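Note that the structure is a prediction, hence the values are computed from the model and not measured. Below, read A as the first sequence line, B as the second, and so on, with proteins coming before strands; counting in each chain starts at 1.
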Number of protein chains: 2
Amino acid sequence: MDGKDQRIIRALQRDGRMTNQDLAAKVNLSPSPCLRRVKMLEQSGIIKGYSVDIDTEAYGLGVTVFVRVSLADHTDSTVKQFEKDIERVDQVMECYVMTGASDYLLRVVVADLADYEKFVRRKLHPIGGIASLDSSFVYGVVKKTNVLPALID
Amino acid sequence: MDGKDQRIIRALQRDGRMTNQDLAAKVNLSPSPCLRRVKMLEQSGIIKGYSVDIDTEAYGLGVTVFVRVSLADHTDSTVKQFEKDIERVDQVMECYVMTGASDYLLRVVVADLADYEKFVRRKLHPIGGIASLDSSFVYGVVKKTNVLPALID
DNA sequence: AATAATTTGGCATAATCTGCCAAGGAATTG
DNA sequence: CAATTCCTTGGCAGATTATGCCAAATTATT
């Protein structure tokens, strides 16, 4: 992956639907080698996919919650079951295994507070093996970007 | 925004570069009304943009860190300056104002631990007004999706 | 400096986008 | 309940874009 690939990636992070011709112009290539590089990035897995950014509030899911989860124990079966089950919960957009005091960090989207309570009661607790939950609500978004930093600092 | 718009959004979250023809087929419309709906979603701001999902590890930024930030005080000038400055730090992909013990939650991507130390010393601390930082490193990703849950649960 | 390997650019064809207009369907009103 | 109005849809035509192939140019290697 050379500098041109990086510029392709950065351009597509800003606008993932840019036409190949515009992309080519932006990275100083003609369309065919540009397209070939994009396809190669896709095939090699560096480009995992494309997506649309939705205004969650306008969509009707205005509340974002970060939830720190600690498991009651760390036996294989408890861990495996939690990870398998959490994957299937639609409201959980992200689930990370973390260092520090808690085991997992979830990003959850719901419509409102009442919805969040239902989510915890009906989706999280039934999973079992959870020792504690610590929820922090998002008041506001200062920054949210898809553009990764340049590699050479 | 009716059911068809929701299906359009969900399809584009899974594949943001799907051609309009495929999208139309997937939501049972012909291409022209489908395109019109997409344009309307873009103009109304529900669709904020399109992006590419990059494998951060393959890209060379394998370490993700969540940082909880507490400010020393909450005067207007301290808050404003922090939010203005943090926005310009490329390694900060997300910055949320949070309820709970700390004021902000950051998601930061760096190449490695050495890089993270440099990031804290050169990018975060110079901002000033920071009372404490609490960093948690991501060990693994259990789930990461762009697909918002359906609205009716 | 010569050769080999890789990458690039241009061209032709195929696919897709996009704006316009008539037809269809839903809602409203008398 | 029927007539009108309004909104949405579908199809078509021209413009734009994608895509595969081949020769030329560039880069790396020896």
(request) Let me know the distance between CG of A:Leu29 and C1' of D:dA25, rounded to the nearest Å. (result)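 Rounded to the whole Å, the gap is 14 Å.
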(message) Go nucleotide by nucleotide along DNA chain C from the 5' end; which of B:Lys39 and B:Arg36 gets its closest nucleotide reached first?
(response)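 Residue closer to the 5' terminus by nearest nucleotide: B:Lys39.
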(message) Between A:Tyr96 and A:Glu94, is there a side-chain donor-acceptor contact under 3.5 Å, judged purely by atom types and distance?
(response)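 Yes, because at least one side-chain N or O of A:Glu94 sits under 3.5 Å from a partner of the opposite role on A:Tyr96.
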(message) Side chains of B:Tyr116 and B:Ser135 only: does a donor on one sit below 3.5 Å from an acceptor on the other?
(response)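 Distance-only check passes for B:Tyr116 and B:Ser135.
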(message) I'd like to know whether NZ of A:Lys26 has more than 12 heavy-atom contacts from other residues, nucleotides or ligands below 6.0 angstrom.
(response) no
(request) Ignoring backbone atoms, establish whether B:Arg37 has a side-chain N or O less than 4.0 Å from OP1 or OP2 of D:dT8. (result) no
(request) Would you indicate whether the side-chain heavy atoms of B:Leu148 and B:Arg10 approach each other to under 4.5 Å? (result) no
Looking only at the side chain of [X] (C-beta and beyond, no hydrogens), which of the listed nucleotides [options] gets closest?
| X | options | answer |
| --- | --- | --- |
| A:Thr19 | D:dA18, C:dT18, D:dG10 | D:dA18 |
| B:Gln21 | C:dT16, C:dG9, D:dT19 | C:dT16 |
| B:Arg17 | D:dA18, D:dG10, C:dT18 | D:dA18 |
| A:Pro33 | C:dG9, D:dT19, D:dG10 | C:dG9 |
| A:Ser30 | C:dC17, C:dG10, D:dT17 | C:dG10 |

(request) Indicate, with a heavy-atom threshold strictly under 4.0 Å, whether B:Lys4 touches base, sugar-phosphate, or nothing. (result) nothing
(request) Report yes if a donor N or O on one partner sits less than 3.5 Å from an acceptor N or O on the other, where the partners are the side chain of B:Ser32 and the base of D:dG11; otherwise report no. (result) yes
